[in-house]
Amino acid sequence: MQINKPDNTLQNISVGSKEINAARVAFFLPGFVISTWAPMIPMVKARLKLEADVLGLLLLCIGISAFIFMPLAGALVQRFGCKKVVITGATLMALNSVLLSCLPNIWSYAIALAFFGAVMGATDVSMNTNAVIVEKLAGRRLLSGMHAFWSIGCFASAGLFSVLASSGSNVTLIAKLHCAIVLALLAVFGRHLLDYKIPGGEKAFAIPRGIVIVLGILACISFLVEGAVMDWSGVLLTEVKNMDIADRHRLRYLFRCYAHHASFRR
């Protein structure tokens, strides 16, 4: 069943179950990739013999590049459309996760993580733009459920990583398998993402004002907390609790199950 809604530039776009499921997958994939990278952090720290302060600066590369590229993502969507930006971004994130499993030195990680953050930021903005349009045209509340799929992607990745690590697979092989899953899902669902472009007459970038600034600050704080838990929990479990990679991922899986449950209850 297709739902057609005329609305200026949206008049030629139709939304049905395929488009809704594709929007959900667009949230699932970044969560899946991010949860592929997170367990590698303790191994990178140990392999490169990094102190905590240096590791913190290295991880900051993700946040800085995402902060820079998120405001620029509007221009990308305006020029190329949601579909192309989401597909390209998710593909590059998946391929980059494989590189992150085997890079040789701190400088290569700094470059790769900066690139990872930039692509992640642009992908996040474009997938949310796609989701807002899907919800608007479908005429029902969908966004909270779509955001829950980010958590589903995280705990699906954590669970699979734990199983593969317990079977003796090395990190690079696990990253390659995860990458293959992302590419397969994109091949199936990517074609149903909306080819929506921000109208040329609208601003691709706007300076926030009023309540938007307050909401932005709150979102920044929540992302800082979530990022700190995700990035440093693995180091804590490895160096303080002496857990192996499989056990760490079992705990991460349980954490993501709780986050997923909370998302669906909103």
Path from [X] to [Y] over hydrophobic side-chain contacts below 4.5 Å:
| X | Y | value |
| --- | --- | --- |
| L72 | F67 | no |
| L50 | I111 | no |
| I152 | L160 | yes |
| F28 | V188 | yes |
| L55 | M43 | yes |

Exercise: identify the closest heavy-atom pair between [X] and [Y]:
| X | Y | answer |
| --- | --- | --- |
| A90 | V182 | O-CG1, 4.0 Å |
| N128 | H147 | OD1-NE2, 3.0 Å |
| L100 | A112 | CD2-CB, 3.7 Å |
| P104 | L48 | O-CD2, 3.6 Å |
| C61 | S65 | O-OG, 2.9 Å |
| T172 | S101 | OG1-OG, 3.2 Å |

With rounding to the nearest 0.5 angstrom, report the [atom1] to [atom2] distance, [X] to [Y].
| X | Y | atom1 | atom2 | value |
| --- | --- | --- | --- | --- |
| L177 | S169 | CG | OG | 7.0 Å |
| K18 | R191 | NZ | CZ | 7.0 Å |
| L183 | I87 | CG | CD1 | 11.5 Å |
| M146 | S144 | CE | OG | 9.5 Å |
| L193 | E19 | CG | CD | 9.0 Å |
| I41 | L59 | CD1 | CG | 5.0 Å |

Whether the side chain of [X] engages the backbone of [Y] through a donor-acceptor N/O pair (distance < 3.5 Å, no angle test) should be reported.
| X | Y | result |
| --- | --- | --- |
| S126 | A122 | yes |
| E135 | V132 | no |
| S35 | F32 | no |
| N96 | L92 | no |
| S162 | G159 | no |
| N130 | L194 | yes |
| T129 | V125 | yes |
| Y109 | L58 | no |
| S97 | A94 | yes |

- Parallel, tilted or perpendicular for H178 and F161, by the 30°/60° rule?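 H178 vs F161 ring planes: perpendicular.
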
- Message: I'd like to know whether M127 forms a side chain to side chain contact (heavy atoms under 4.5 Å, CB included) with V85, so could you lay out the CA-CA distance, the side-chain angles of the two residues, the decisive distance to 0.1 Å, and finally the verdict.
- Response: CA-CA 8 Å; M127 75 187 188; V85 177; over 6 Å; no

Side-chain heavy atoms of [X] within contact of [Y], under 4.5 Å:
| X | Y | answer |
| --- | --- | --- |
| R140 | I20 | yes |
| V25 | L29 | yes |
| W37 | I62 | yes |
| M93 | I34 | yes |
| L95 | C179 | yes |
| N21 | H192 | no |
| V44 | L103 | no |
| M40 | V171 | yes |

- Query: Any side-chain donor paired with an acceptor under 3.5 Å for S157 and T36?
  - Reply: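 Result is yes, a qualifying pair exists.
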
- Item | Heavy atoms from other residues, nucleotides or ligands near CZ of F69 exceed 12 (cutoff 6.0 Å) |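 Not buried by this count: 12 neighbours or fewer within 6.0 Å.
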
- Query: Given the rule in the side chain to side chain contact (heavy atoms under 4.5 Å, CB included) test, do D53 and L57 qualify, once you have shown the distances and angles that lead to the verdict?
  - Reply: CA-CA 6 Å; D53 55 346; L57 290 173; 5.8 Å; no

